[in-house]
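Comments concern the structure below.
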Number of protein chains: 2
Amino acid sequence: MAHRLKEQYKELLDKKGLTYTFERKRIFEEIQKISVHFHVDGLYDRFKKQGERISRATVYRTIPLLLESGVIQKSAGNGKRDFFEKTNAKGHHDHMICVKCEKIIEFHNEKIEALQDEISKHHKFKVTFHDHRLFGYCQKCQ
Amino acid sequence: MAHRLKEQYKELLDKKGLTYTFERKRIFEEIQKISVHFHVDGLYDRFKKQGERISRATVYRTIPLLLESGVIQKSAGNGKRDFFEKTNAKGHHDHMICVKCEKIIEFHNEKIEALQDEISKHHKFKVTFHDHRLFGYCQKCQ
DNA sequence: GGTCTGGTTGAGATCTTGTCTCAAGATTTA
DNA sequence: TAAATCTTGAGACAAGATCTCAACCAGACC
Ligand SMILES: [Zn+2]
Ligand SMILES: [Zn+2]
Ligand SMILES: [Zn+2]
Ligand SMILES: [Zn+2]
């Protein structure tokens, strides 16, 4: 999986006339080590902590490339920060979030995705990503 | 409708030992003139444009009071700003948000709502509210 | 090799959204 | 009236994110 994603990433860079630099390589690799969600400064801190001098600006600059190539995707962020998660084998999914214990249940429903397409097409709106979250109580917390 | 909301607002202020000041009155009134969605600086700008000297801090400070009294509710954020909308006759709806011009298109789809119910039921998850936003480019911004 | 060209980077400035501080003015209470 | 309490405006501040710019690097060209 990671291999295919790396190819997509390299292809995007190539398509844009950009180089697969040391920094862009390291950022890709480091993300593969993160289990689930992350925010950009958290990612930057990992480099800083390891003594690698990759600048904050570069990390921030690389995020759009990772997003566009599908290596990562926007994740359900609760607060001020943008959160991301690496694209996993399951591909796109949405979230149910327990407001009590913060448990996250992922779901994916093709019908909903198709309806979204239909609706946006009808409004001539070109969707680049979406955020669909159901808040409430998980089985244990009811 | 607006009258009942104003009463709720006044009651909340009273309950909290706060005064129904000129500024708090003007902010309530101005919101009634806004068709649907707004963000706080947008509201502030309306006063500035009209030459009314109500400070940004006061507008920001009043928002929690309006929220708590039910005069307004959180609405779609565009990913950066918090958006609000006044509580009114309009029922539940979701949003498409243009990431370029910030235009908001509302949509409502019973099938999606029903599928959400189905999915959450299947996971024994009790949904209290949801947030469904499609981000992208409106017709003009493509 | 040396030079030109243009992508890339780091450091810090800047912008954006929202909160907080504090002194002055207004209001209520004693 | 004086003291206590609210309220406000202006601007400082904070956090997240983006932008600027000079130095740097890599390939193209001579
Ligand atoms: Zn989805
Ligand atoms: Zn729970
Ligand atoms: Zn909905
Ligand atoms: Zn709306």
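In what follows, chains are A, B, ... by sequence order, proteins preceding strands, each numbered from 1. Given the structure is predicted, the values throughout are model-derived calculations rather than measurements.
Take S55(A) and apply the side chain to side chain donor-acceptor pair (under 3.5 Å) test, not counting sequence neighbours, and it matches T58(A). Taking the ring pair (Phe, Tyr, Trp, His ring centres under 6.0 Å) definition, one finds that F129(A) meets it with F135(B), sequence neighbours left out. With sequence neighbours left out, H108(B) forms a ring pair (Phe, Tyr, Trp, His ring centres under 6.0 Å) with H92(B). Remark: K16(B) pairs with E68(B) by the side chain to side chain donor-acceptor pair (under 3.5 Å) rule, at least two apart or across chains. For E30(B), the side chain to side chain contact (heavy atoms under 4.5 Å, CB included) partners two or more places apart in sequence, or in a different chain, are R26(B), K33(B), L43(B), R46(B), F47(B), Q50(B). For Q8(B), the side chain to side chain donor-acceptor pair (under 3.5 Å) partners two or more places apart in sequence, or in a different chain, are R4(B). For K111(B), the salt bridge (Lys or Arg N to Asp or Glu O under 4.0 Å) test picks out no residue, with sequence neighbours left out.
Whole-Å rounding puts the F38(B) CZ to dT17(C) P distance at 16 Å. In this structure, CG of L65(B) is placed 9 Å from P of dT8(D), rounded to the nearest angstrom. Remark: P of dC19(D) and CD1 of I63(A) are 15 Å apart, rounded to the nearest angstrom. Following rounding to the nearest Å, L13(B) (CG) and dT27(C) (C1') show an atom-to-atom distance of 15 Å. In this structure, the CZ atom of R61(B) is 13 Å from the C1' atom of dG18(C), given to the nearest Å. Here dT16(C) presents its C1' atom at 13 Å from CG of D45(B), a figure rounded to the nearest Å. A straight line from OH of Y44(A) to C1' of dA11(C) spans 9 Å, rounded to a whole angstrom.
Between H37(B) and H95(B), the distance from one ring center to the other falls under 6.0 angstrom.
Taking a 4.5 Å side-chain heavy-atom cut-off between Ile, Leu, Val, Met, Phe, Trp and Tyr, the cluster of I105(B) extends to M96(A), I105(A), F107(A), I112(A), L115(A), I119(A), F125(A), V127(A), L134(A), M96(B), F107(B), I112(B), L115(B), I119(B), F125(B), V127(B), L134(B).
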Do any N or O atoms of the protein come closer than 3.5 Å to N or O atoms of nucleotides 23-26 of chain D, and which pairs are they?
none

Between the protein and nucleotides 13-18 of chain D, which nitrogen or oxygen pairs are less than 3.5 angstrom apart?
| from | atom 1 | to | atom 2 | distance (Å) |
| --- | --- | --- | --- | --- |
| dG16(D) | OP1 | R81(A) | NH1 | 2.6 |
| dG16(D) | OP2 | R81(A) | NH2 | 3.4 |
| dA17(D) | OP1 | D82(A) | N | 2.8 |
| dA17(D) | OP2 | Y60(A) | OH | 3.0 |
| dA17(D) | N7 | R56(A) | NH2 | 3.0 |

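Comparing S55(B) and G17(B) by the nucleotide of DNA chain D that holds the closest heavy atom to each, the one mapping nearer the 5' end is G17(B).
Counting only distance, with no hydrogens or angles, the side chain of Y9(A) and the backbone of R24(A) share a donor-acceptor pair below 3.5 Å.
Heavy atoms of R53(B) sit under 4.0 angstrom from primed sugar atoms or phosphate atoms, though from no base atom.
Residues from residues 22-32 of chain B lying near DNA chain D, meaning a heavy-atom separation below 4.0 Å, are E23(B), R24(B) in numerical order.
In this model, the phosphate group of dC6(D) is not approached by any side-chain N or O of T21(B) to a distance below 4.0 Å at OP1 or OP2.
Counting only residues at least two apart or on different chains, no salt bridge (charged side-chain N to carboxylate O under 4.0 Å, His left out) pair has a member in residues 114-129 of chain B.
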